[in-house]
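The chain is numbered in sequence order, starting from 1.
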Amino acid sequence: MLPATLALLAGCADLPARQAAEDDTSAAALAHEAAQQRLHTAVQAAQPGQERLATARRALESLLADDRAQARALHPYARALLEQLRVRQQVAALAEHLRRQLDELARASDAQALELDALRRQNAALQRQLEALAEIERELTSPGLPVRPRTGLPE
């Protein structure tokens, strides 16, 4: 009975050390899970078609700011994803700039098309006037009207 009691007491004496080890393991697991959750949140928010890039950036920056070993293990992934987000934001900004330029060019093109139409109408009107003047000249010089020859001497 004494050996059993001693073994029981020895097991109880070891209990705080076991509990501390389990707490450390549990805390490490929770820290790892939290780091993975931040990375997962960032990946989900960064999906194409999602306009939650700011959420993704905050999650990644939070993960990169975490200096625990469990988080440091995910830092390379977080840095790579953060760089991809930066590039996507730059491309989106460039695309928006190009869209604005295209809109401006389209408006300018429309204005030029209207001006060209006005110039064509004006040209057609001037061409009609020129043809009318040519017709008047033909009528004035028609063979039915006597034309006096010029002699160069004053009359």
Side-chain angles (χ1 to χ4, degrees), residues 16-155:
R18 280 190 204 162
Q19 186 65 37
E22 286 177 8
D23 287 347
D24 288 344
T25 303
S26 174
L30 288 175
H32 181 70
E33 186 176 324
Q36 282 185 328
Q37 183 59 39
R38 280 183 281 185
L39 184 62
H40 179 74
T41 298
V43 168
Q44 289 299 316
Q47 292 298 313
Q50 301 276 338
E51 293 307 321
R52 301 181 320 158
L53 296 181
T55 301
R57 286 180 68 101
R58 281 191 302 273
L60 291 170
E61 288 166 353
S62 168
L63 179 58
L64 288 171
D66 190 346
D67 201 32
R68 290 180 289 189
Q70 296 82 0
R72 280 195 316 265
L74 299 175
H75 282 186
Y77 304 110
R79 278 192 292 274
L81 186 55
L82 191 57
E83 182 59 28
Q84 286 180 357
L85 290 178
R86 284 187 190 120
V87 169
R88 279 178 54 192
Q89 287 178 321
Q90 288 172 347
V91 168
L94 180 60
E96 178 61 24
H97 177 70
L98 291 174
R99 185 195 59 76
R100 276 189 259 117
Q101 280 185 330
L102 183 61
D103 288 346
E104 289 172 16
L105 288 173
R107 282 192 297 276
S109 177
D110 290 345
Q112 288 175 346
L114 290 173
E115 185 178 351
L116 182 60
D117 286 344
L119 289 173
R120 284 184 178 148
R121 285 191 300 276
Q122 185 180 10
N123 183 39
L126 289 172
Q127 189 63 39
R128 285 190 300 274
Q129 287 178 352
L130 184 60
E131 289 171 2
L133 286 173
E135 182 62 30
I136 292 171
E137 281 183 357
R138 279 192 297 275
E139 288 176 4
L140 289 176
T141 59
S142 68
L145 293 175
V147 177
R148 290 199 310 188
R150 291 187 153 193
T151 61
L153 297 173
E155 295 182 25

If only atom types and distance count, is the side chain of His75 paired as donor or acceptor with the main-chain N or O of Asp67 below 3.5 Å?
no

Atom pair CG (Leu60) and CD (Glu83), whose distance is rounded to the nearest 0.5 Å
11.5 Å

Leu140 vs Ile136 side-chain heavy atoms within contact, under 4.5 Å
yes

From CG (Asp110) to CG (Leu105), nearest 0.5 Å
11.0 Å

Considering residues, nucleotides and ligands other than Glu61, do more than 12 of their heavy atoms fall under 6.0 Å from its CD?
yes

Minimum heavy-atom distance Arg86-Arg57, with the two atoms named:
CG-NH1, 3.5 Å

Please test Arg138 against Glu135 for salt bridge (charged side-chain N to carboxylate O under 4.0 Å, His left out), starting from the C-alpha separation and ending with a verdict.
CA-CA 5 Å; Arg138 279 192 297 275; Glu135 182 62 30; 2.7 Å; yes

Atom of Ala71, atom of Leu63 and distance for their closest heavy-atom approach
CB-CD1, 3.9 Å

In short, Ala56 meets Leu85 closest at the heavy-atom pair CB-CD1, 3.6 Å

Does the side chain of Arg120 come within less than 4.5 Å of Asn123's, by heavy atoms?
no

CG of Leu126 to CD of Glu131, rounded to nearest 0.5 Å, is 11.5 Å

Gap between atom CD of Gln89 and atom CG of Leu53 - 0.5 Å precision:
5.0 Å

Check ion pair Glu96-Arg99 (N to O, under 4.0 angstrom):
yes

What residues, two or more places apart in sequence or in another chain, satisfy side-chain contact (heavy atoms from CB on, under 4.5 Å) together with Leu30?
Ser26

Using side-chain heavy atoms (C-beta onward) and a distance below 4.5 Å, is Val87 in contact with Val91?
yes

Quick one: CZ on Arg58 to OG1 on Thr55, what's the gap to the nearest 0.5 Å?
4.5 Å

Indicate yes or no: at least one non-hydrogen side-chain atom of Leu74 is less than 4.5 angstrom from one of Arg38.
no

Please report the interatomic distance CG(Leu130) to CD(Gln127), rounded to the nearest 0.5 Å.
5.5 Å

Heavy-atom neighbours of Glu115 CD exceed 12 at 6.0 Å:
no

Taking every heavy atom of Ala31 against every heavy atom of Arg68, the minimum-distance pair comes out as CB-NH1, 3.7 Å

Any donor and acceptor pair, going by atom type alone, linking the side chain of Thr41 with main-chain N or O of Gln37 inside 3.5 Å?
yes

